[in-house]
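Everything numeric here is computed off the predicted structure, so don't read it as measured data.
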Amino acid sequence: MDKEKEKELKKSVARFAVPDRNAGIRQLINTLVPFLILWIAAYLSMAVSPWLAAGLGVVAGGFVVRLFIIFHDCTHQSFFKNKKANRIIGTITGILTLFPFDKWKRSHSIHHATSGNLDKRGTGDIWVMTVDEYVQASFKERLIYRLYRNPVIMFGLGPIYLFLVSNRFNRKGAKGKERVNTHVTTAAAALIYGMIIWMAGWEAFLIVQLPILYISGALGIWLFYVQHQFEDSYFEEESEWNFVKAAVDGSSYYKLPKVLQWISGNIGFHHVHHLSPRVPNYALEKAHDATPPLQYATTITLKTSLESIKFRLYDTENKTFRTFREVQPLLKTKESAPVSRRMQNES
C-alpha cells in the first residue's frame, strides 16, 4: 500500500472518530446498570446458594469486560467529546475494573504508537521474543519467557498479577498526577471492598468477587493477546516499521458471536481501533463495514483463535510465529548465521 492509499484509508476511517453523547450514555446505562444489579444480586443470593452467587459473579465478570472497554475509550478521549467527562467516567470505571486511569492511559498510548515495532517493545504489550533472541538468550532468560508464555500462568495467574501488583504500583519516574491517580483508584476500590466485607462477610466477598475478577481479567488478557498474536501478524524493525501496516496487518478482526461481540465492546474490530484510536467502540463496526480495505484484515474466529496459544516466538526472517518445539533443535547449535535463516533452510 503506497503513501497516498494509506492517507486515504486513514481519512476514510477518521470520519467515524466522532463521539456520540447519546450513544455513550446509552452504553453506560446498558452496561453499568446490569452490572450493579448482578453484583448486588450475587451477594443477596448467598442466602439461597453460594453456587448461584458464584454463577452470577461469572456473568457480572462479563459486564466488567464491557465496563473496561468504556474505560479504555475514555483513556483515548473517544467515549465523549468532553475531556473532563472522559476523565470522570474513566476514573469511575477504572475503580470498578481496578485500572488506574493515568497509568494505563500512558502505557496504552505507547502500545498504540509502537505496536509491531521490534525496536520499541516492552510497554503496554505482550512480551514477544524473536527466534534469534530466544536462541541466543541464557537458560534463565528462556525459562522465564517460557513461564510467561505458558497459558496456565498467563491466563490463570495473569489476572492476579494484573489486579494486585501491576495496577497497584506506579512505574519508576511517574509524574505526580499519575501517582496520585493510581493511589486514589486503589484506595477507592479498597474502600468499596471493605464495605462489602463489613456488610456481607469475607466468605461472600470471596465467592462473589473472585469469579468477577478472574473472568474479567482472563478474558481481558485473552482479547489483548489474541488480537496481535496470530500466524502472519506484523512485526518490523524501526527502519521498516509502518503505522498503518502495523494497525491493519498487525491487528486482527476477531469475528465473534453477537453476544460476545457486545460483551467485548466491539474490540474485535481491533484493526479499525489501531488505525484510528479515536473511533469510539460503538462506531468500530460501522467503520469496518464502510471501509472495504479494512475487510481484508486477518479474520480470526473463536475456533481459529485457539491456535494462537501455540505461537510463542516471532520468526523475523519468515514473518511468522513459531512454536517452542520448532525452535528446540536450534538450541543445540549456535552458529554465526542468523538462526531464522537456518530454520528456513532446514524446512
| Pairwise side chain to side chain donor-acceptor pair (under 3.5 Å) hits with a residue in residues 158-170, at least two apart |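 Listed once each, the pairs are Arg168-Thr186, Asn170-Thr182, Asn170-His183.
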| message | Show every side chain to side chain donor-acceptor pair (under 3.5 Å) that has at least one partner inside residues 212-223, sequence neighbours left out. | response | Trp222-Tyr254
Contacts of [X] that satisfy side-chain hydrogen bond (donor to acceptor under 3.5 Å, both in side chains) - sequence neighbours left out:
X	result
Trp241	none
Tyr314	none
Thr97	none

| query | Does Phe324 have any ring pair (Phe, Tyr, Trp, His ring centres under 6.0 Å) partners at least two apart in sequence or in another chain, and if so, which? | reply | Tyr134
| Quick one: ring pair (Phe, Tyr, Trp, His ring centres under 6.0 Å) partners of Trp127, sequence neighbours excluded? | Tyr145, Tyr148
| field | For Arg121, all residues meeting salt bridge (charged side-chain N to carboxylate O under 4.0 Å, His left out), sequence neighbours excluded | value |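 Expected list: Glu133.
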| query | Applying salt bridge (Lys or Arg N to Asp or Glu O under 4.0 Å), which residue pairs with at least one partner in residues 177-187 are found, sequence neighbours left out? | reply | Arg171-Glu178
| request: Could you list all the salt bridge (Lys or Arg N to Asp or Glu O under 4.0 Å) pairs where at least one residue sits in residues 276-292, not counting sequence neighbours? | output: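 Applying salt bridge (Lys or Arg N to Asp or Glu O under 4.0 Å) to every pair that reaches into residues 276-292, excluding sequence neighbours, yields Lys258-Glu285.
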| Whichever hydrophobic residues join Ile40 through chains of side-chain contacts under 4.5 Å | Leu44
| said: For Arg142 and Gln136, which I'm curious about, is there any donor-acceptor pair between the side chains at under 3.5 Å? | reply: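 No, no side-chain donor-acceptor contact under 3.5 Å.
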Tabulate below the donor-acceptor pairs under 3.5 Å that side-chain atoms of residues 51-61 make, not counting sequence neighbours, or state none.
none

| query | Can you find a pair of side-chain heavy atoms, one from Glu326 and one from Phe321, that are under 4.5 Å apart? | reply | no
| query | Under 6.0 Å between the ring centres of Tyr253 and His288? | reply |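 Under 6.0 Å, so yes.
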| task | Please name the pair of heavy atoms, one in Pro159 and one in Ile221, separated by the smallest distance, quoted to 0.1 Å. | result | N-CD1, 3.6 Å
| request: State, to 0.1 Å, how close Trp262 and Arg66 come at their nearest heavy-atom pair, and which atoms those are. | output: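 In terms of heavy atoms, the two residues are closest at O-NH1, 2.6 Å.
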Kindly assign one of parallel, tilted or perpendicular to the pair [X] and [Y], based on the angle between their ring planes and the thresholds 30° and 60°.
X	Y	result
Trp39	Tyr43	tilted
Phe224	His228	perpendicular
His273	His112	perpendicular

| request: May I ask you to say whether Asp102 pairs ionically with Arg87, meaning some side-chain N is under 4.0 Å from a carboxylate O? | output: yes
| Are Lys245 and Glu236 close enough for a salt bridge, meaning some N to O gap below 4.0 Å? |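 No.
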| note | Checking Phe63, Phe35, Trp104 against Phe68 for ring pair (Phe, Tyr, Trp, His ring centres under 6.0 Å), the one that qualifies is Trp104
